[in-house]
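Reckoned from all heavy atoms, side chains included, excluding hydrogens, waters and symmetry mates. Letters go in sequence order (proteins before strands), and every chain restarts at 1.
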Protein chains: 2
Amino acid sequence: MSESIRLFEVEMNIGEIARRAGVARSTVSYALSGRRPVSPATKRRIQAVIDEIGYRPHAAARALKEGRTRAIGLVIPPASLLLTDMQLGFVASVVEAAAHADLDVLLSPSGGDHDRSFERLISGRRVDGVILMEIRLEDERVTRLQQAGLPFVTIGHTARPQGTCWVDVDYATLVARCVHHLADLGHRTVALINRSTELVAAGYGPAHRAQAGFAEAVRRRGLSGMNVPCADNPAAGEECFEQLRERHGEITGIVTVNEAALPGIQRGIERAGVAVPRELSIAGVAARHWAEGFRPQLTAADVPTLEMGTHAVDLLLERIATPDGAPRHLLLAPPISLRDSTGPAPAR
Amino acid sequence: MSESIRLFEVEMNIGEIARRAGVARSTVSYALSGRRPVSPATKRRIQAVIDEIGYRPHAAARALKEGRTRAIGLVIPPASLLLTDMQLGFVASVVEAAAHADLDVLLSPSGGDHDRSFERLISGRRVDGVILMEIRLEDERVTRLQQAGLPFVTIGHTARPQGTCWVDVDYATLVARCVHHLADLGHRTVALINRSTELVAAGYGPAHRAQAGFAEAVRRRGLSGMNVPCADNPAAGEECFEQLRERHGEITGIVTVNEAALPGIQRGIERAGVAVPRELSIAGVAARHWAEGFRPQLTAADVPTLEMGTHAVDLLLERIATPDGAPRHLLLAPPISLRDSTGPAPAR
DNA sequence: TTGTAAGCGTTATCAT
DNA sequence: ATGATAACGCTTACAA
């Protein structure tokens with residue numbers, strides 16, 4: 001439209017700055033990086049030129065010379081699978097934390113037929129490190145990254161996580177705590193609404209660990225318990241709840257790790273006219289936002305997605321700085337927030 | 001752990017390939033790009049070496065030489081605001097479409113205090129083009145991009161979109177269609193549950209256009225209608241619905257563009273024991289996934305996020321290829337899918 | 001059909 | 001305190 005369109009179409013490289021300021025290119029570079037003293041006078045002169053034409057160093061040139069990109073990769077599940085709120089929370093917090101450290105984030109959908117994208121990231125040296133989400137117990141992306149020698153951190157952990165860097169939430173412990181909480185309230189028959197059969201079959205850690213923690217706690221407390229798989233969507237949650245009521249009316253306590261099914265569970269409860277927590281108690285693991293949206297508000301371990309994303313970035317930065325340092329990890333077991341969905345077991 | 005860790009730690013550049021294959025560097029380059037004929041024999045020899053040591057060209061070096069990065073930027077709302085499902089749909093489909101075109105996607109949260117991230121993308125020439133989400137009627141990011149001369153496409157459009165490239169859904173038309181649909185069914189008093197007051201104040205296009213389309217259609221059909229702002233979350237939706245019932249019991253039809261409020265609206269309906277569509281009809285604009293999750297399923301214009309994201313990428317690629325071509329845009333008005341939430345107005 | 005060499009914009013190592 | 005210059009790994013015009 002106006003002349004302003006071409007305002008910044010001037011050559012804009014360090015040589016041009018040097019020319020206009022009447023100094024050598026290296027001087028400009030040093031003035032910017034501060035890696036060698038530059039007299040205040042020339043520094044001012046250079047800065048003036050830079051401000052005038054709005055110069056910023058060319059990322060690719062810098063990356064080529066320095067051997068690092070100042071960018072990290074974030075590998076997410078493919079778009080075909082809708083992201084859950086929790087996964088979304090991770091993405092958001094990683095992007096946030098990265099921005100805070102002046103890092104750019106390259107998104108890479110994996111699985112599906114998108115291996116090319118992942119491979120570009122790795123072998124094209126587009127990033128200094130990678131954060132991997134939705135880890136499987138056996139995960140080939142992890143082995144690919146270790147053989148490539150690229151620093152990485154996983155959100156979630158594999159079956160044998162020794163030697164890798166990760167942050168995760170301790171599903172086994174959290175689910176166990178929920179069971180203990182229900183047992184303390186006098187419940188004797190409880191169910192776990194878990195993630196989908198497919199995920200379990202695919203070796204998805206959280207589903208496995210939830211199941212294990214549940215089984216162990218049920219055994220310890222001498223309860224009778226059942227594990228129910230449920231797909232990650234409201235409709236499945238509703239159906240799952242109805243079947244549970246129909247076939248196992250004796251159940252008085254439910255534990256769930258299936259955040260996406262919650263709205264369906266809630267609908268099931270309301271349609272069945274079940275009073276929570278008088279007739280039925282529910283506890284679970286979910287993002288706070290979901291727990292508070294549930295009616296009545298859900299007694300749950302709130303998954304600290306923000307904290308986890310931030311930590312993942314911190315760990316990655318550490319790993320990039322010292323690739324041979326001892327790999328650290330973080331297993332979070334946030335406390336259960338007592339809300340309104342659990343209460344004493346109904347008298348027989 | 002094992003020796004495999006250092007497997008790919010060898011020098012891996014085009015010169016090394018050339019050396020091992022016994023040809024010149026340029027020959028390797030040409031063999032890869034196909035920009036000049038290479039004899040089958042040497043081509044095979046080169047490919048063998050490449051396969052053996054797993055070579056991929058260094059992205060930064062290529063970007064520096066070619067002057068383009070093969071990456072695009074996707075500017076999203078800051079993490080502080082939870083992304084709605086529709087926004088998430090855009091992100092997913094853009095990433096998907098970009099991957100399909102062998103493009104990487106750099107994520108940049110904007111707004112908040114994240115201008116540095118945005119600025120890095122632009123002036124650091126990290127990307128060949130940008131897709132901008134959540135456009136305001138007056139949007140400084142747009143002007144920044146035009147003065148930088150960087151190709152961009154917006155999802156949504158500004159108040160004066162001439163000369164820019166965009167894809168958007170035609171909220172005015174869609175909301176008007178909903179009103180007409182309700183009017184055809186005999187409804188005389190209708191309400192629009194819009195987005196939040198803050199968004200309207202901030203000059204958020206969809207909210208403005210929904211309001212305008214609603215007002216116009218109501219006028220044309222001689223209905224009485226009211227516009228109700230509502231924050232983007234279930235709790236606000238529920239409260240909004242309750243207030244509507246309380247203060248305006250005469251309303252028999254509701255139109256909503258507030259996807260995130262839907263679960264709350266549904267809860268409100270169920271708690272109030274209102275029969276939909278016998279006593280109250282609801283129509284709206286939402287992602288199909290939400291419309292089908294509503295009970296009863298929501299009569300709604302399904303926002304084709306997948307299609308929009310794909311088109312945005314296509315337009316951007318076109319713009320990158322011919323920056324001075326006439327800017328094109330796409331204003332989508334998908335048909336309303338008749339589902340179960342609308343019916344004849346109740347007899348007085 | 002293939003090889004040689006220049007140059008993209010930086011940073012870093014020499015000098016001065 | 002500053003300047004010239006050599007890389008970084010790639011593409012491509014120019015020679016052969």
Margin query: With heavy atoms of chain B within less than 4.0 Å as the criterion, where does contact along DNA chain D begin and end?
Written below: D:dG9 to D:dC14
Check: Does A:V38 or A:A61 map to a spot on DNA chain D nearer the 5' end, using the closest nucleotide for each?
Finding: A:V38
Next item on the list: Between B:L64 and B:Y30, name the one whose nearest nucleotide on DNA chain C is closer to the 5' end.
Entry: B:Y30
Item checked: B:T310 versus B:S93, side-chain donor and acceptor atoms under 3.5 Å -> no
Check: Side chains of B:S39 and B:T42: do they bring a donor and an acceptor to under 3.5 Å?
Finding: yes
Next item on the list: Report yes if some heavy atom in the side chain of B:Y204 is under 4.5 Å from a heavy atom in the side chain of B:E134; otherwise report no.
Entry: yes
Check: Side chains of B:H329 and B:C165: does their closest heavy-atom pair fall under 4.5 Å?
Finding: no
Categorize [X] for me: base, sugar-phosphate, or nothing, with a 4.0 angstrom heavy-atom threshold over every strand shown.
| X | result |
| --- | --- |
| B:S26 | base |
| B:S39 | sugar-phosphate |
| B:R36 | base |
| A:G22 | sugar-phosphate |
| A:T42 | sugar-phosphate |

Please report the distance, rounded to the nearest Å, between [atom1] in [X] and [atom2] in [N].
| X | N | atom1 | atom2 | answer |
| --- | --- | --- | --- | --- |
| B:R68 | C:dC8 | CZ | P | 18 Å |
| A:R70 | C:dT10 | CZ | P | 13 Å |
| A:R19 | C:dT10 | CZ | P | 15 Å |
| A:L32 | C:dT10 | CG | C1' | 11 Å |
| B:I14 | C:dG3 | CD1 | P | 12 Å |
| A:M12 | C:dT10 | CE | C1' | 14 Å |
| B:H58 | C:dC8 | NE2 | C1' | 13 Å |
| B:R35 | C:dT1 | CZ | P | 18 Å |

Checklist line | Side-chain donor/acceptor of A:S33 to base of C:dT11, under 3.5 Å | finding: no
Note to self: So does B:E96 get a backbone contact from the side chain of B:H100, meaning a donor-acceptor N/O pair under 3.5 Å?
What the structure shows: no
Check: With distance as the sole test, does B:D128 use its side chain to make a donor-acceptor pair with the main-chain N or O of B:T69 at under 3.5 Å?
Finding: yes
Checklist line | Under-4.0 Å side-chain N/O to phosphate OP1/OP2 contact, B:R25 with C:dG3 | finding: no
Note to self: Taking only side-chain N and O atoms of B:T27, does any of them lie within less than 4.0 angstrom of OP1 or OP2 on C:dT2?
What the structure shows: no
Checklist line | Nearest-nucleotide pick for B:K65, side chain only, options being C:dT11, C:dC8, C:dG3 | finding: C:dC8
Next item on the list: Return the set of residues passing salt bridge (Lys or Arg N to Asp or Glu O under 4.0 Å) with B:E66 (not counting sequence neighbours), or none when no residue passes.
Entry: B:R68, B:R70
Notebook entry, point to check: Do other residues, nucleotides or ligands put more than 12 heavy atoms under 6.0 Å from A:R36 CZ?
Noted result: yes
